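Note that ligands are numbered from 1 as they come in the structure, with each ligand's atoms numbered from 1 the same way. Computed from a predicted structure; not experimentally measured.
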Amino acid sequence: MTKNIIVGNWKMNPRTEKEALKLFQNIAKSVARVKNTEIVICPPSLYLAGLKNLSKKIVLGAQDAFWGDVGPHTGQVSTEMLYNIGVRYVILGHSERRALGESNLDINKKIKSALSSGLTPILCIGENVRDEQHEYFNIVKGQIEECLKGIQKALILKIIFAYEPVWAISSTPNRRDATALDSKEMTIFIRKIISGLSTPEIAKGVKILYGGSVSGEDAQEFLENGGVRGLLAGKASLDEKKFLEIVKICEALKK
Ligand code: PGA
């Protein structure tokens with residue numbers, strides 16, 4: 001049985017390493033007995049090394065990584081370096097990075113590099129707005145096709161897809177809630193696109209997560225009816241109680 005997965009994306013939080021340690025230890029304590037759920041915490045890169053040996057239950061993820069090999073890349077951290085300090089997942093293509101100019105081509109290079117270093121990419125896709133003409137389907141299609149260009153079919157199974165409609169993310173002004181039906185519909189569409197790029201079996205086996213203001217109130221609904229195998233939580237992952245609520249819901253569903 002493959003586990004469902006709950007990812008906590010701390011984004012650029014907290015302010016000090018001391019706070020990061022405290023938050024991580026509190027989460028680690030609260031999930032100590034979790035068995036059926038893969039728990040991934042993605043802190044700012046700077047804190048990763050200090051958190052790496054603190055929990056057997058939590059797997060570390062990074063929020064970004066660079067595709068290049070060691071060399072003249074000022075300011076970058078490579079996928080290989082992350083793997084070498086014990087990181088196993090990397091969020092790629094998050095909407096907050098796309099908003100700073102990251103392109104599908106950049107993300108494509110990062111996915112290839114992550115896969116060859118042994119990291120599992122968590123590829124974020126999702127539209128900024130839902131227009132009445134349903135152009136948002138084409139946006140997501142374009143993101144998937146460009147991000148996966150040149151990646152071997154069999155390797156696509158190693159990528160986790162996180163559907164994050166930007167209009168539902170907690171920091172988006174005038175945000176609104178996405179429903180499990182919105183998610184379900186999009187997961188069917190995502191699998192259809194992946195099937196076209198690989199095989200129906202691979203498309204069926206690929207893990208898709210939902211992200212966008214996930215909380216203890218809607219986690220069950222998304223997991224049961226949203227077509228997903230896990231959740232990506234931002235804001236809720238900065239509060240151990242809220243994060244635990246989500247993990248517990250996921251854990252209970254897998255029993
Ligand atoms: P949120 O963030 O849960 O705070 O909406 C999710 C994300 O942006 O990854």
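- Residues Leu209 and Arg229 approach most closely at CD2-C, 4.1 Å, considering heavy atoms.
- Any N or O atom pair closer than 3.5 Å counts here, and Ser171 shares no such pair with ligand 1.
- Contacts between Asn9 and ligand 1 below 4.0 angstrom, taking non-hydrogen atoms only, involve the side chain exclusively.
- Within ligand 1, the atoms closer than 4.0 Å to a non-hydrogen atom of Ser213 are 1 (P), 3 (O), 5 (O), numbered from 1 in the order shown.
- Not a single donor-acceptor pair under 3.5 Å links the side chain of Asp239 to the backbone N or O of Ala236.
- Heavy-atom separations between Arg175 and ligand 1 are all 4.0 Å or longer.
- The closest side-chain donor-acceptor pair between Asn26 and Lys22, if any, does not fall under 3.5 angstrom.
- The Leu232 neighbourhood of ligand 1 comprises atoms 9 (O), with distances under 4.0 Å to a heavy atom of that residue.
- Protein heavy atom nearest atom 3 (O) of ligand 1, with residue, atom name and distance: Gly234 N, 2.8 Å.
- Formation of a donor-acceptor pair under 3.5 Å by the Glu146 side chain with backbone atoms of Leu105 is not found in this model.
- By the 4.0 Å heavy-atom criterion, Gly211 is excluded from the residues contacting ligand 1.
- Legend: residues meeting side-chain hydrogen bond (donor to acceptor under 3.5 Å, both in side chains) with Lys11, ordered by chain and number and at least two apart, are Glu96.
- Of the N or O atoms in Gly212, none lie within a sub-3.5 Å distance of an N or O in ligand 1.
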Please tabulate, one pair per line, all N/O donor-acceptor pairs under 3.5 Å involving side-chain atoms of residues 160-171, not counting sequence neighbours.
{"unit_1": "Tyr163", "atom_1": "OH", "unit_2": "Glu127", "atom_2": "OE1", "d": "3.0"}
{"unit_1": "Tyr163", "atom_1": "OH", "unit_2": "Glu127", "atom_2": "OE2", "d": "2.9"}
{"unit_1": "Tyr163", "atom_1": "OH", "unit_2": "Arg130", "atom_2": "NH2", "d": "2.9"}
{"unit_1": "Glu164", "atom_1": "OE1", "unit_2": "His94", "atom_2": "NE2", "d": "3.3"}
{"unit_1": "Trp167", "atom_1": "NE1", "unit_2": "Glu127", "atom_2": "OE2", "d": "2.8"}

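- For atom 2 (O) of ligand 1, the closest heavy atom belonging to the protein is Lys11 NZ, 3.2 Å.
- Residue contacts with ligand 1: Ser170 is placed with a nitrogen or oxygen under 3.5 Å of a nitrogen or oxygen of the ligand (distance criterion only).
- Using a distance-only test at 3.5 Å, with no hydrogens or angles considered, no donor-acceptor pair links the side chain of Arg98 to the main chain of Ile125.
- Under the 4.5 Å side-chain criterion, counting only non-hydrogen atoms from C-beta, Ile202 is not in contact with Leu197.
- Every atom of ligand 1 with a heavy atom of Lys235 under 4.0 Å away is listed here by number and element: 1 (P), 3 (O), 4 (O).
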